[in-house]
Amino acid sequence: MKPTTKEDIDPFEEIIEGVKHAKGVKQDTELDVDDLKTLVEKYKVAVKAKTGKDFPQEPQQQLWRAIQAVFDSWNNDRAKYYRILNKIPEDWGTAVNVQAMVFGNMGNTSATGVGFTRDASTGENIFNGEYLINAQGEDVVAGIRTPQQITLIGSKRWAELQGVPEDVRKNQFPSLEESLPETYQELKNVQEKLEQHFKDMQDIEFTIQNGKLWLLQCRNGKRTGAAMVQIACDLLREGKIDEKTALKRIEPNKLDELLHPIFTPEALKTAKFVAKGLPASPGAASGQIVFFADEAKKFAQSILVRIETSPEDLEGMNIARGILTARGGMTSHAAVVARGMGKCCVCGAGSLNINYKQRTLEVNGKVYAEGDWISLNGSTGDVFEGKLKTQEAQLSGDFGLIMDWAEKYTRMYVRTNADTPKDAQIARKFGAKGIGLTRTEHMFFEGERIKAMREMILASDLAGRQTALAKLLPFQRSDFEVTIRLLDPPLHEFVPHETAQQQELAQDMGLTLDQVKQKVHELAEFNPMLGHRGCRLGITYPEITEMQTRAIIEAALNIKAKGMDVKPEIMVPLVGNVNELEHQLKVVKKTAETVFQERKDTIHYLVGTMIEVPRACLVADQIGQIAEFFSFGTNDLTQMTLGFSRDDAGKFLPYYINNGILKVDPFQVLDRQGVGKMVELAVKNGKSTNPNLKVGICGEHGGEPSSVEFFHIVGLDYVSCSPFRVPIARVAAAIANL
Ligand code: PEP
Ligand code: MG
């Protein structure tokens, strides 16, 4: 194993490197028996120095210690991090398999390798993988020697990518198909049988000992999002699985990878090529170079550049935008882990000379230092200089097929949270059925709008507020052609805190600077999240609700006049008491009636409420009597049920998760036992008095697969999530219904 951080150098690796250096050889296999004896003595000394104990010589004792070491590995830092990353519960524990060993390093008729029944990167139906003659399994995945391809086709493709001439390939890097043809044929037959049996792409580890093939392990292979879609659709087309099974093979979160950007053709035209490696994990990434995993956070966008990676680098790999390695093949640690993470990765770019001490990367005489920008194309293996412009991903036809299955099998429908026409367009393209949340306060952050909004907030009387609201009305009217939540602004976010801006506002409003400062001071709250926000604002300043209702209804009538069908839903935020909703309902209805009379036309609209305060769940039977729909605001409901501030929980949540107090971040994955119970109770209570109540959710959990599953179970009608999560939520909702 190679050093992973600047402090952490593997002592065994250092010793073997020293022995090889003394002998003047490069490969481990070039060491003879006497060298290995010397090596073992040195290893024993190192063990004693580190542990204070002699290395046990009894085989039984060695076996028990090895077993113990595997169990202990469950609790090492990288295993903990891996569990967090993949949401694996802490209490599962691990198992140890004890089996007789076979040796791939018994000479030139021995080998070891890893094969995939289909391409784990693209999903192409082609047997592929890598092997090494006269080596142990670890040598292939550790990326210490450059592995060779199993198949002849793969070997030729590899040589082309690497620019290796055919005669060199044939002599130095022959495929297994060429070097051990009979064993290759046997392996090929076995892989076919295994895939036929498991009906999924298999990842197979094998060893050949003196020409005899042994299978060490076989499991469903990890794959990229693109390969996941391709393989599921191909297996269906090949008649190996049915449609429902194919849909279950889709891991919703992995669809995200298909939606990632790629470099624009223009950017690629002028891009300065630096090096070529293997296309280990698709996508495009630009970032500043870092050489150590524990420094990945040094830049907002970093590319982790390593000779090779190891499990200690996991956290840094996850933080970095992309990963580039100089050594290792498609089954090296970097490649496998990056694919699992859906992270762009180029590996085995052999022309890179990386100097960790000087923190430089040299390629063909040009030196790049830490902090320099580079760009990776994980789909081609190209490495470029500088920062390249990206464009949105192009979806394959099979993606549409998956979306069709999602449509066919789902009970819940998916809406989107959108504040801009662009958001709405993207979501619509992904199959969102309407807008489940428009946060109106987000529409007031820019240009003239923020000025009018500030005037409204700072106005000292009704007349002042009405003047400012009159300025906001036309903006708001042009916005609303969707489902809308009434204002829920934490007021402090909207008032200016810098003197220059306060001065400008003072001038606009005809006030003195001191008066503005005083007003800003008055608006400051100790706990804004529990302060003057949500419906509390519309209750204390009904003119705001009036203006927003007018804007919504007028916009809807305008659209109707254009011959389009529009179904506005007005949503009152942060209700905890039925009287709050009743108050707002009266204002909304009265305003709508006024507009209908003015325009001599009407429109059907709904008024409902967000359920995001725990008390609202408890009295949902009362609220259900007057609300036409509920939309769960699980962000606030999580905040208030757990008593964790949305803004401050980041300070202690990592500690809670690392120490097993919480398994996952409840703001990402719905806390079924607590917040989930609240949701369940509110649905039951609400429907007890209003069986026709429409129920949905628009908190961030609406795009998270396991939360979506829960919402299906408790009978919600829809989930609403951010545009790029729409396909994920659609597939998760359909799978939950299978
Ligand atoms: C929520 O609380 O879940 C919600 C959707 O509203 P916001 O995030 O705007 O508070
Ligand atoms: Mg909320």
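Since this is a predicted model, take the numbers as computed values, not measurements. Sequential numbering from 1 along the given sequence is applied to the chain's residues. In listed order, ligands and their atoms are each counted from 1.
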TODO: Check Val679 against Phe632 and note the closest heavy-atom contact, atom names and distance.
DONE: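 That closest heavy-atom pairing would be O-CZ, 3.7 Å.
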Task: Selected option - heavy-atom contact closest to atom 3 (O) of ligand 1, from Ile611, Ile697, Asn635 - done: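 Ranked by closest heavy atom to atom 3 (O) of ligand 1, first place is Asn635.
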- [ ] State, yes or no, whether a side-chain contact exists between Asn737 and Tyr409 at a heavy-atom distance under 4.5 Å.
- [x]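 Side-chain contact under 4.5 Å: no.
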Open item on the list: A side-chain contact here means heavy atoms from C-beta on lying under 4.5 Å apart; do Leu642 and Phe667 qualify?
Closed with: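 A side-chain contact is absent here, since even the closest heavy-atom pair is not under 4.5 Å.
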Check ligand 1 against [X] and write out every atom of the ligand that is under 4.0 Å from a heavy-atom position of the residue.
X	result
Leu437	5 (C)
Arg646	2 (O), 7 (P), 8 (O), 10 (O)
Cys698	5 (C)
Glu612	1 (C), 2 (O), 4 (C), 6 (O)
Arg533	10 (O)
Gly633	1 (C), 2 (O), 3 (O)

Give a yes or no on whether a salt bridge exists between [X] and [Y], defined as a side-chain N under 4.0 angstrom from a carboxylate O.
X	Y	value
Lys694	Glu569	yes
Glu90	Arg83	yes
Glu700	Arg646	no

Open item on the list: I'd like to verify the contacts: list protein N, O or S atoms under a distance of 2.8 Å from the Mg ion (ligand 2).
Closed with: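 Near the Mg ion (ligand 2), the protein supplies Glu612 OE1, Asp636 OD2.
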Task: CA sep, side-chain torsions, deciding dist, call: Lys517, Thr499, side chain to side chain donor-acceptor pair (under 3.5 Å) - done: CA-CA 8 Å; Lys517 279 193 183 299; Thr499 304; 3.2 Å; yes
Open item on the list: Is there a polar contact, in the sense of an N or O pair closer than 3.5 Å, between Asp488 and ligand 1?
Closed with: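 Checking ligand 1 against Asp488, no N or O pair falls under 3.5 Å apart.
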Open item on the list: Side chain or backbone, does Asp636 bring an N or O within less than 3.5 Å of an N or O on ligand 1?
Closed with: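 In this structure, Asp636 places an N or O atom under 3.5 Å from an N or O of ligand 1.
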- [ ] For Met529 and ligand 1, answer yes if some heavy atom of the residue is under 4.0 Å from a ligand atom, otherwise no.
- [x]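 No, Met529 has no heavy atoms under 4.0 Å from ligand 1.
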Task: Gln639 near ligand 1 by a heavy-atom separation under 4.0 Å - done: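 No, Gln639 has no heavy atoms under 4.0 Å from ligand 1.
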Region of [X] engaging ligand 1 - heavy atom pairs below 4.0 Å:
X	value
His701	neither
Glu700	neither
Met571	neither

TODO: Could you tell me which residues satisfy ring pair (Phe, Tyr, Trp, His ring centres under 6.0 Å) with Tyr541, sequence neighbours excluded, listed by chain and number?
DONE: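 Tyr541: ring pair (Phe, Tyr, Trp, His ring centres under 6.0 Å) contacts with His532.
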Task: Residues forming a ring pair (Phe, Tyr, Trp, His ring centres under 6.0 Å) with Tyr656, sequence neighbours excluded - done: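 Only Phe652 meet the ring pair (Phe, Tyr, Trp, His ring centres under 6.0 Å) criterion with Tyr656.
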TODO: Any pair with a residue in residues 705-718 that passes salt bridge (charged side-chain N to carboxylate O under 4.0 Å, His left out), sequence neighbours left out, goes on the list, sorted by first then second residue, please.
DONE: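 As it turns out, the salt bridge (charged side-chain N to carboxylate O under 4.0 Å, His left out) pairs with a partner in residues 705-718, which skip direct neighbours, are Arg672-Glu709.
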Open item on the list: Quick check against the 3.5 Å criterion: does Thr410 have a side-chain atom that pairs as donor or acceptor with the backbone of Glu407?
Closed with: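 Side chain of Thr410 to backbone of Glu407: no pair is present.
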Open item on the list: For the residue pair Glu315 / Asn318, report whether a side-chain donor-acceptor contact shorter than 3.5 Å exists.
Closed with: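 Side chains of Asn318 and Glu315: no pair found under 3.5 Å.
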Task: Residue pair Gln584 / Glu580, side-chain donor-acceptor N/O under 3.5 Å - done: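 Judged by distance alone, the side chains do not pair up.
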